[in-house]
Colleague: 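Take this structure, written in structure tokens, and hold onto it; I'll ask about it next.
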Amino acid sequence: MEDSARQRATRLAGRVAVEVHGAAQVVRAGLLRPEPPRKAAAVAKAIHRHGQIGGGVTAAAVRDPDRPGLIDELGSLTFDELDRRSNALANSWSEIGIGTGTNVAILCRNHRGFLDATFACAKLGARALYLNTDFAGPQIAEVCEREGTEAIVFDEEFAERVADAPAPRGRFVAWSEGVTELPTLEELIAAGDDAPPPKPTDKGSLVMLTSGTTGTPKGAPRAQPSSVAPIGALLSKVPLRPTEVTYIAAPMFHALGFAHAMVATGFNSTIVTARRFDPEAVLDSLAEQRATGVILVPVMLQRLLALGPEALAARDLSALRIVFLAGANLEADLATAALDALGPTLYNLYGSTEVAWATIATPEDLAAAPGCAGRTPFGTTVKLYDDDGRPIDGQGATGRIFVGNSFPFEGYTGGGSKTVIDGLMSTGDVGHFDSAGRLFIDGRDDEMIVSGGENLFPHEIEELLRTHPAIADAAAIGVPDPDFGQALHAFVVRAPDGQIDAAGVQNFVKENLARFKAPRRVSFLDDLPRNPTGKILKRQLAADAENEVPA
């Protein structure tokens, strides 16, 4: 009993320390600042009524109603307009039975309709389910059936894909290029009362989906944050400031884009976004809007840099302080090229849908150790374990990555969770630490292959191949092999005018790594299949490999 009480006291002290640290970071960043009593009371009332998401946009409108909150392809909306629009939508939905606990699926690209639906769900206490815009119709129907979807919000371009998804309380078009017979969010907003809706009986929640690169996407539910620890962890590594301009290129249905949209709103920073990623248009917008931050997945950064130094020099990017990345591995050569081109602006977050954040690499980390995932923020624990659940200590030793912080997910909606050891949750990856405590990701724990008795992680080979001047992109997977049990199969995208064949690929690996790490099979593709967050779809590569004759 005494030990149990001591453990509880230790845990409580730890939570208090994390909250105090988070509050200090929020104050340091200028997010909490002196307000006139009337404004301070209105902000507190909004957060109490509708939580940090629904109340966050109201608080932003109270603080600075006329500041642009969003700039998208239709123009600019102030924070006051964003707040009133979501009020009106919430009140219109309430009249047709959408309210506390209603499951609302959202299938939208980055635009005002995404934010309208998100804030309205939070204000009603509804449960928002964010769908990947790359999902096919059967996948959407399966996920919506599993999650008990009662209404669905979608861009008109996805109408056929959502046709079989359950939506007994209604289907609503968020973005339309013309006339549509279905009710639109704009119509509901125009017809709705823009007064704040009543406080729901329960705070709204949200469900993010796993990437689905290795199977059917799983739902990872989260309550609205009730702590300053998550934003404190971010601010301890990334110098975000209030009333700036953030271009969000990463999809908002993904945790990366979503989190930064909510953070920008809380900071009264203007969100700039577009439905589709066009690297030239992004550079133009960064310059025109004097953006201080841009939120990308690594493949987007790669496409920006591919425009060349002349394209970057032609725009005034002097206001840009933060290039924030997450969602997929940041390769060492890309990190180095970005630092050279954009200066010390690069921040790379490593985490997962389930664990939220694990580590954040600063520009200093990436300059010293390109390709690293960085170090843990305050209040976060990252440890390595072997396959038997024993801790792994020692510089350079590879193990399964487990994370503890203040914001893990609540278990999959379909049942089950990630493996937990000593209170820490698995990310599904393997990695190692260097002497400075920086984490490196070696690959997925389920991607390790045993070939001829040797353990191989494809990530190491992929990273090496991308350094070859004739190779633009590369991926590797394990495939069955009658002689070695498993063999490494490399998929290579040649650089423009790149001249390399299968033997050249194999010899390059042999010259730089152990000979047994050379791929036994090599295929050449025009492009690698990726999801919207830049992750390579290795299931698709594996399916293609089954039908291929080895090169």
Side-chain angles (χ1 to χ4, degrees), residues 134 136 138-139 142 210-218 328-329 331 352 385-389 398-401 416 418-419 426-432 440-468 471-494 500-531 534-551:
D134 261 14
Q139 204 171 22
E142 180 183 356
T210 62
S211 62
T213 54
T214 58
T216 301
K218 298 175 182 177
N329 286 327
E331 305 297 343
S352 71
Y385 291 85
D386 66 17
D387 290 340
D388 297 319
T398 295
R400 296 186 295 154
I401 301 170
K418 299 289 284 188
T419 303
S426 169
T427 66
D429 293 321
V430 293
H432 67 274
F440 288 78
I441 311 305
D442 296 328
R444 296 289 298 171
D445 60 6
D446 56 1
E447 284 186 356
M448 189 191 83
I449 70 170
V450 181
S451 182
E454 300 285 357
N455 294 344
L456 298 176
F457 286 102
H459 177 74
E460 180 183 21
I461 289 85
E462 294 168 345
E463 190 165 55
L464 172 67
L465 290 176
R466 293 189 186 108
T467 68
H468 195 290
I471 295 176
D473 207 352
I477 62 172
V479 295
D481 185 271
D483 299 320
F484 295 91
Q486 287 180 294
L488 201 65
H489 189 150
F491 296 83
V492 172
V493 177
R494 293 185 180 96
I500 191 168
D501 58 12
V505 170
Q506 292 165 332
N507 289 334
F508 181 65
V509 175
K510 290 175 185 177
E511 290 165 3
N512 290 276
L513 298 173
R515 292 181 63 84
F516 67 82
K517 295 183 178 182
R520 298 185 181 277
R521 307 179 192 179
V522 180
S523 299
F524 292 92
L525 304 176
D526 292 333
D527 288 292
L528 295 179
R530 294 179 182 269
N531 69 11
K535 289 184 179 178
I536 297 169
L537 300 175
K538 293 198 171 182
R539 280 191 305 150
Q540 185 172 329
L541 292 177
D544 293 343
E546 289 183 8
N547 301 316
E548 266 190 39
V549 176

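Note that this is a predicted model, so its numbers are computed, not measured. Just so you know, residue 1 is the first one in the sequence shown, and it goes up from there.
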Colleague: For the atom pair CZ (R494) and CG (D526), what is the distance rounded to the nearest 0.5 Å?
Modeller: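 If I round to the nearest 0.5 Å, the distance is 9.5 Å.
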
Colleague: Minimum heavy-atom separation for I401 and V430, please, with both atom names.
Modeller: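 Taking I401 first and V430 second, the nearest heavy atoms are CD1-C, 3.7 Å.
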
Colleague: Could you check whether any side-chain heavy atom of E460 comes within less than 4.5 Å of a side-chain heavy atom of D442, counting everything from C-beta outward?
Modeller: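 The answer is no, as the side chains (C-beta and beyond) never meet within the 4.5 Å cut-off.
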
Colleague: If you take all heavy atoms of R400 and G389, which pair is closest and at what distance?
Modeller: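 R400 and G389 have their closest heavy atoms at NH2-N, 3.9 Å.
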
Colleague: Identify the two heavy atoms, one from H489 and one from S523, that lie closest to each other, and give their separation to 0.1 Å.
Modeller: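 Of all heavy-atom pairs spanning H489 and S523, the closest is NE2-OG, 2.7 Å.
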
Colleague: Within the side chain of T210, is there an N or O that forms a donor-acceptor pair under 3.5 Å with the backbone of K218?
Modeller: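 Checked: pair present.
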
Colleague: Could you tell me the separation between the CZ atom of R521 and the CD1 atom of I477, rounded to the nearest 0.5 Å?
Modeller: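 Answer rounded to 0.5 Å: 9.5 Å.
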
Colleague: Between F508 and H468, what is the ring plane arrangement, given parallel below 30°, perpendicular above 60°, and tilted in between?
Modeller: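 The arrangement is perpendicular - the two ring planes meet at more than 60°.
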
Colleague: Check whether R466 reaches the backbone of D473 with its side chain - one donor and one acceptor, N or O, closer than 3.5 Å.
Modeller: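 Checking the backbone N and O of D473 against the side chain of R466, no donor-acceptor pair under 3.5 Å is found.
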
Colleague: Are any of the side-chain heavy atoms of Q486 and D481 separated by less than 4.5 Å?
Modeller: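 Not touching, per the 4.5 Å side-chain cut-off.
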
Colleague: Report the distance from atom OG1 of T467 to atom CD of E331, rounding to the nearest 0.5 Å.
Modeller: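 Between atom OG1 of T467 and atom CD of E331 there are 10.0 Å.
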
Colleague: At their closest point, which heavy atom of A328 faces which heavy atom of K535, and how far apart are they?
Modeller: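 For A328 and K535, the tightest heavy-atom pair comes out as CB-CG, 4.1 Å.
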
Colleague: Just by modelled atom types, is the A474 backbone N or O under 3.5 Å from a matching donor or acceptor in the E462 side chain?
Modeller: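 No, the answer is negative, given that no donor and acceptor are paired below the 3.5 Å cut-off.
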
Colleague: Find out whether K517 and L488 are in side-chain contact, i.e. whether some heavy atom of one side chain is under 4.5 Å from a heavy atom of the other.
Modeller: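 With C-beta onward as the side chain, the pair stays apart.
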
Colleague: From I536 CD1 over to L528 CG, what is the distance, rounded to the nearest 0.5 angstrom?
Modeller: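 These two atoms lie 5.0 Å from each other.
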
Colleague: For the residue pair V492 and V505, what are the closest heavy atoms and their distance?
Modeller: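 The pair with the smallest heavy-atom distance is CG2-CG2, 4.2 Å.
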
Colleague: Using 0.5 Å steps for rounding, measure from the CG atom of D134 to the CG atom of L537.
Modeller: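 The CG atom of L537 is 7.5 Å from CG of D134, to the nearest 0.5 Å.
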
Colleague: May I ask you to test the K538-P458 pair for a side-chain heavy-atom distance under 4.5 Å?
Modeller: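 Yes, their side chains come closer than 4.5 Å.
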
Colleague: Are the side chains of L525 and L541 in touch, meaning some heavy atoms are under 4.5 Å apart?
Modeller: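 Touching, per the 4.5 Å side-chain cut-off.
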
Colleague: To the nearest 0.5 angstrom, please state how far the OG1 atom of T398 sits from the CD1 atom of I441.
Modeller: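 So the OG1 of T398 and the CD1 of I441 are separated by 10.5 Å.
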
Colleague: Would you say that R530 contacts Q540 through its side chain, given a criterion of any heavy-atom pair below 4.5 Å between the two side chains?
Modeller: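 No, too far: nothing below the 4.5 Å cut-off.
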
